[in-house]
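Note that the structure is a prediction, hence the values are computed from the model and not measured.
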Amino acid sequence: MLAATPKAGARMRVFPIAFFLVATASVLPRNADAQTTSSAARPGVERALVTLENDWAKGLVNRDTMIFRRLTAPRFIYTEDAALMSREQVIHGIMTSGDKVEWAGNEDMKVHDFGPVAVVTGILVVKSRGKKGPFTTRYRFTDTWLDNNGTWQAIAAQDYVIPDRPSR
């Protein structure tokens with residue numbers, strides 16, 4: 001989730017050249033519940049936030065700006081590596097990315113419940129197709145959510161692009 005001008009060539013989770021293209025692609029189920037563990041989260045909170053994180057992945061595949069407007073607070077901020085972006089910059093990036101996201105899913109999600117605020121950590125895997133062919137990007141993420149009168153919205157997020165493992 002974002003806030004500032006992205007660095008050239010950045011491959012962000014929500015604002016990457018590798019993420020958003022084709023509203024016709026479909027999200028393949030990944031059984032995220034089986035990949036999710038809890039860190040003292042209330043059951044309803046965990047269910048709600050896992051669903052929202054999975055909606056985020058669907059939004060990437062479908063380039064659905066309405067999902068991102070629903071999921072993020074107006075003053076949402078996002079960092080990836082050295083880049084800092086706003087909500088509007090994230091949404092703009094979704095619409096202007098040149099690569100086609102063919103699949104996105106979450107792994108190893110953990111919900112950390114702090115009352116009206118919760119943090120979700122995990123790994124987002126994004127399979128995309130660009131000018132040079134298919135590629136996969138993995139992001140270690142930390143998303144911060146705020147319960148605003150029963151509606152959870154992301155207020156901040158940070159991603160780290162996990163480097164590719166060298167071939168042996």
Side-chain angles (χ1 to χ4, degrees), residues 1-22 25-37 39 46 49-65 67-68 70-73 76-112 118-130 132-145 152-167:
M1 313 190 197
L2 348 189
T5 305
K7 59 188 175 191
R11 291 168 58 186
M12 299 167 213
R13 181 162 56 122
V14 245
F15 186 157
I17 294 177
F19 285 158
F20 323 97
L21 234 186
V22 179
S26 64
V27 173
L28 302 174
R30 178 90 177 181
N31 192 5
D33 291 334
Q35 303 251 352
T36 304
T37 58
S39 177
E46 182 174 356
L49 293 177
V50 166
T51 297
L52 295 174
E53 291 288 353
N54 290 331
D55 286 351
W56 184 276
K58 290 174 190 173
L60 290 175
V61 173
N62 296 322
R63 296 182 70 194
D64 187 341
T65 59
I67 285 178
F68 295 103
R70 176 177 54 88
L71 295 178
T72 58
F76 170 79
I77 55 171
Y78 171 81
T79 58
E80 181 188 309
D81 301 330
L84 178 66
M85 289 165 268
S86 70
R87 175 189 189 198
E88 293 308 315
Q89 288 168 319
V90 171
I91 293 170
H92 177 75
I94 292 165
M95 296 310 296
T96 60
S97 173
D99 294 336
K100 174 184 176 182
V101 174
E102 297 177 331
W103 182 88
N106 294 301
E107 298 177 348
D108 194 30
M109 282 193 286
K110 292 183 176 85
V111 176
H112 309 270
V119 174
V120 180
T121 57
I123 296 173
L124 174 67
V125 180
V126 179
K127 295 183 180 188
S128 304
R129 181 170 298 279
K132 295 182 180 180
F135 60 96
T136 299
T137 308
R138 295 170 53 83
Y139 300 89
R140 164 61 71 189
F141 68 85
T142 302
D143 294 341
T144 305
W145 296 84
W152 288 96
Q153 283 193 310
I155 57 174
Q158 183 170 11
D159 290 339
Y160 169 76
V161 177
I162 299 171
D164 292 335
R165 296 181 198 148
S167 302

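Put simply, the side chain of S97 never gets that close to the backbone of G93: no donor and acceptor are under 3.5 Å apart. The closest donor-acceptor contact from the side chain of D143 to the backbone of V119 lies at 3.5 Å or more, if one exists at all. With hydrogens and angles disregarded, a donor-acceptor distance shorter than 3.5 Å links the side chain of Q153 to the backbone of T72. At distances below 3.5 Å, at least one donor-acceptor pair connects side-chain atoms of R140 with backbone N or O atoms of G122.
With values rounded to the nearest 0.5 angstrom, M109 atom CE is found 11.0 Å from I123 atom CD1. The NZ atom of K110 lies 7.0 Å from the NE2 atom of H112; values are rounded to the nearest 0.5 Å. Of the inter-residue distances, the one linking M95 atom CE with D64 atom CG reads 9.0 Å to the nearest 0.5 angstrom. Distance CD1/I91 to CD1/I67: 11.5 Å, rounded to 0.5 Å. Note that the CG atom of D159 and the OG1 atom of T142 stand 8.0 Å from one another [nearest 0.5 Å]. In this structure, CH2 on W56 lies 13.0 Å from CG on N54, to the nearest 0.5 angstrom.
Between R87 and F68, the shortest heavy-atom distance links the atoms NE-O, 4.4 Å. Nearest approach of Y139 to E80, heavy atoms of both residues: CE2-OE1, 3.9 Å. In this structure, G130 and D99 approach most closely via the heavy-atom pair CA-OD1, 3.3 Å. Contact record, N106 with A57: ND2-CB, 4.3 Å, taken as the closest heavy-atom pair.
For the pair F141 and T121, the minimum side-chain heavy-atom distance is 4.5 Å or more.
Taking 4.0 Å as the cut-off between side-chain N and carboxylate O, R70 and D55 count as a salt-bridged pair. Taking the charged nitrogens against the carboxylate oxygens, E102 and K127 have no contact shorter than 4.0 Å, which rules out a salt bridge.
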Could you go step by step and tell me if V126 and L60 meet the side chain to side chain contact (heavy atoms under 4.5 Å, CB included) rule?
CA-CA 9 Å; V126 179; L60 290 175; 4.2 Å; yes
Apply side chain to side chain contact (heavy atoms under 4.5 Å, CB included) to the pair W145 and L52, showing each step before the final yes or no.
CA-CA 10 Å; W145 296 84; L52 295 174; 3.7 Å; yes
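When each of V120, T51, V111 is tested with E46 by the rule side-chain contact (heavy atoms from CB on, under 4.5 Å), just one qualifies, namely V111.
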